Amino acid sequence: MVQTMYTLCMRRPLICANWKMHLPPAGWDAKDSPYRPEAGIDVVVFPPHGYIKHCIDAKLTVGGQCARPETAGAFTGDMSMAMLKELGCTYVLCGHSERRKYHSETDDFAAEQVIAALEAGLHPIVCVGEQKKDRDIGKAEHIVEQQLSLLKNYHQSITIAYEPIWAIGTGLNALPDDAQEVHAFMRRLLLEDIRTSVRIIYGGSVTGMNAKDFLSHPDIDGLLVGSCSLEPKHFHEIINAANTLS
Ligand code: 13P
């Protein structure tokens, strides 16, 4: 019954390519590149900051991998949300686990980023997810609940990305059934009037082989892809999987 309701609400699939600190892959701007917008799904590329302008000029839909919440200031090496917007970005990642790990970003900081992103007119994709040790003691849901609770006034304006930390860059993806369970749990945390409209996407060792399995689950509305997004052939397979199911 619940499943039918979610299926009927038709959240548009969102497939994201997070290139992290890598050069854009060969052929990224070709006419038939898999990074281009598609009719039935949203395809968004997150290049390193220095390549954002190239991607915008090539007419891709682009997001920033990060930005600070302040509007200006002495923050060497950083950009503001408004600067991303000015470049032509539509989306921004907030709270990615690599930012948390290498730049000590916190849940509070991610919440500030979300507010700043919305003020700048960007759509925030907020990354949440547990460590292996938390999953092992059954605390995955507790962790994501905590991470989302700071954002409860903004749930209607964000996309949630469930990225279990142990699955990122390890080749050990979450089992799609397990990811579905966490997604359904997070969806139940949303207020009823927005429950069927907020997109919740999965990230962590997504490949052309497992993409379809993830996307076939009712609460998995898209994918945030790292390593495989750097391989146009594999990313194409992921886009094809999304197209088949959309
Ligand atoms: P991988 O696909 O390499 O596991 O990276 C996932 C990720 O961090 C996307 O943001």
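Because only heavy atoms are used, hydrogens play no part in the values below, and waters and symmetry mates are left out as well, while side chains stay in. Atoms within each ligand, like the ligands themselves, are counted from 1 in listed order. Residue indices begin at 1 and follow the sequence shown. What you are looking at is a predicted structure, and each value in this text was computed from that prediction instead of being measured.
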Heavy-atom gap Gly204 to ligand 1 smaller than 4.0 Å: yes

Salt-bridge present (Arg187, Asp221; N to O < 4.0 Å): yes

Side-chain (Gln65) to main-chain (Val92) donor-acceptor, under 3.5 angstrom: no

Specify the protein heavy atom at minimum distance from atom 5 (O) of ligand 1: its residue, its atom name, and the distance to 0.1 Å. Lys20 NZ, 3.2 Å

Are any non-hydrogen side-chain atoms of Glu119 and Thr71 less than 4.5 angstrom apart? no

Looking at ligand 1, would Ser205 count as a contact under a 4.0 Å heavy-atom criterion? yes

Is the Phe214 ring parallel, tilted or perpendicular to the Tyr202 ring (thresholds 30°, 60°)? parallel

Do Gly226 and ligand 1 have an N or O pair less than 3.5 Å apart? yes

Please list the nearest protein heavy atom to atom 9 (C) of ligand 1 with its residue and the distance rounded to 0.1 Å. Glu163 OE2, 2.9 Å

For atom 3 (O) of ligand 1, closest protein heavy-atom neighbour: Ser227 OG, 2.5 Å

Reported CD-to-OG distance for the pair Glu163 and Ser97, which is rounded to 0.5 angstrom: 6.0 Å

closest protein heavy atom to atom 10 (O) of ligand 1 is His96 NE2, 2.8 Å

Under-4.0 Å heavy-atom contact with ligand 1, by part of Ala167 that carries it: backbone

Any heavy atom of Asn18 under 4.0 Å from ligand 1? The part involved is side chain

Side chain of Thr159, backbone of Ile125: donor and acceptor closer than 3.5 Å? no

Determine all donor-acceptor pairs shorter than 3.5 Å in which one atom belongs to a side chain in residues 140-149; sequence neighbours excluded.
| residue | atom | partner | partner atom | Å |
| --- | --- | --- | --- | --- |
| Gln147 | OE1 | Gly129 | N | 2.9 |
| Ser149 | OG | Gln146 | O | 2.8 |

Decide whether an N or O pair under 3.5 Å exists between Thr170 and ligand 1. no

Could you say whether the N/O atoms of Gly169 and ligand 1 ever approach to under 3.5 Å? yes

For Trp19 and Tyr35, I'd like to know if the aromatic rings sit close, meaning centre-to-centre distance below 6.0 Å. yes

Identify, by atom number and element, the atoms of ligand 1 in contact range of Leu224, meaning under 4.0 Å from any of its heavy atoms. 9 (C), 10 (O)

